[in-house]
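In this text, all values refer to a predicted model and were calculated from it rather than measured experimentally.
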Amino acid sequence: MKASFKFELRKDREDKDGRRVLGLRYTAKRKTTLISLNLSLHPSEWNERKKCSEVYCSEFCCYQ
């Protein structure tokens with residue numbers, strides 16, 4: 001069984017300040033689950049290419 005994980009900034013929900021919820025998409029056996037991480041980011045803080053936040057995980061993104 002192969003499972004995959006992917007971070008994504010949700011585009012369907014946005015608060016009044018323009019911040020969006022960060023989620024973890026887990027896929028296994030062709031079934032997908034989106035888990036909220038209870039972190040809110042402004043879209044300018046999210047790096048779509050690296051799939052990470054420049055604010056919270058800049059050290060982690062350097063190793064990918």
Side-chain angles (χ1 to χ4, degrees):
M1 176 179 78
K2 184 177 179 183
S4 64
F5 298 93
K6 180 173 118 177
F7 291 103
E8 67 178 38
L9 198 60
R10 297 204 45 187
K11 296 177 181 164
D12 59 339
R13 294 189 181 166
E14 188 173 297
D15 65 3
K16 64 181 179 180
D17 296 330
R19 298 171 74 84
R20 296 179 180 168
V21 176
L22 182 65
L24 176 69
R25 184 169 298 278
Y26 170 72
T27 305
K29 295 184 180 179
R30 299 183 190 172
K31 301 206 185 253
T32 303
T33 303
L34 184 64
I35 302 166
S36 177
L37 298 178
N38 293 328
L39 291 173
S40 295
L41 299 171
H42 197 271
S44 64
E45 298 171 341
W46 182 250
N47 187 332
E48 187 65 35
R49 186 176 62 80
K50 292 182 180 179
K51 298 288 186 192
C52 69
S53 168
E54 299 296 333
V55 176
Y56 290 111
C57 63
S58 60
E59 295 172 5
F60 174 73
C61 290
C62 294
Y63 297 110
Q64 289 185 354

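Across all their heavy atoms, G18 and P43 have their closest contact at O-CD, 3.2 Å.
Put simply, NZ on K6 and CG on L34 are 10.0 Å apart, with the number rounded to the nearest 0.5 Å. Atom CD1 of I35 is separated from atom CZ of F7 by 10.0 Å, given to the nearest 0.5 angstrom.
For residues 28-42, the set of pairs meeting the salt bridge (Lys or Arg N to Asp or Glu O under 4.0 Å) definition, not counting sequence neighbours, is empty.
The residue from V21, L22, L24 that alone fulfils the side chain to side chain contact (heavy atoms under 4.5 Å, CB included) condition with S36 is V21.
A continuous path of Ile, Leu, Val, Met, Phe, Trp and Tyr side chains, each step under 4.5 Å between heavy atoms, connects L37 with L9, placing both in one hydrophobic cluster. Residue L39 is grouped with residue Y26 when hydrophobic side chains (ILVMFWY) are merged at heavy-atom distances under 4.5 angstrom, including chains of intermediate members.
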Taking it one step at a time, do R20 and R13 satisfy side chain to side chain contact (heavy atoms under 4.5 Å, CB included)?
CA-CA 6 Å; R20 296 179 180 168; R13 294 189 181 166; over 6 Å; no
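Every side chain to side chain donor-acceptor pair (under 3.5 Å) that R25 has, sequence neighbours left out, goes to E8. By the side chain to side chain donor-acceptor pair (under 3.5 Å) test, D17 is found to be paired with no residue, residues two or more places apart in sequence or in another chain being considered.
At distances below 3.5 Å, at least one donor-acceptor pair connects side-chain atoms of R19 with backbone N or O atoms of S40.
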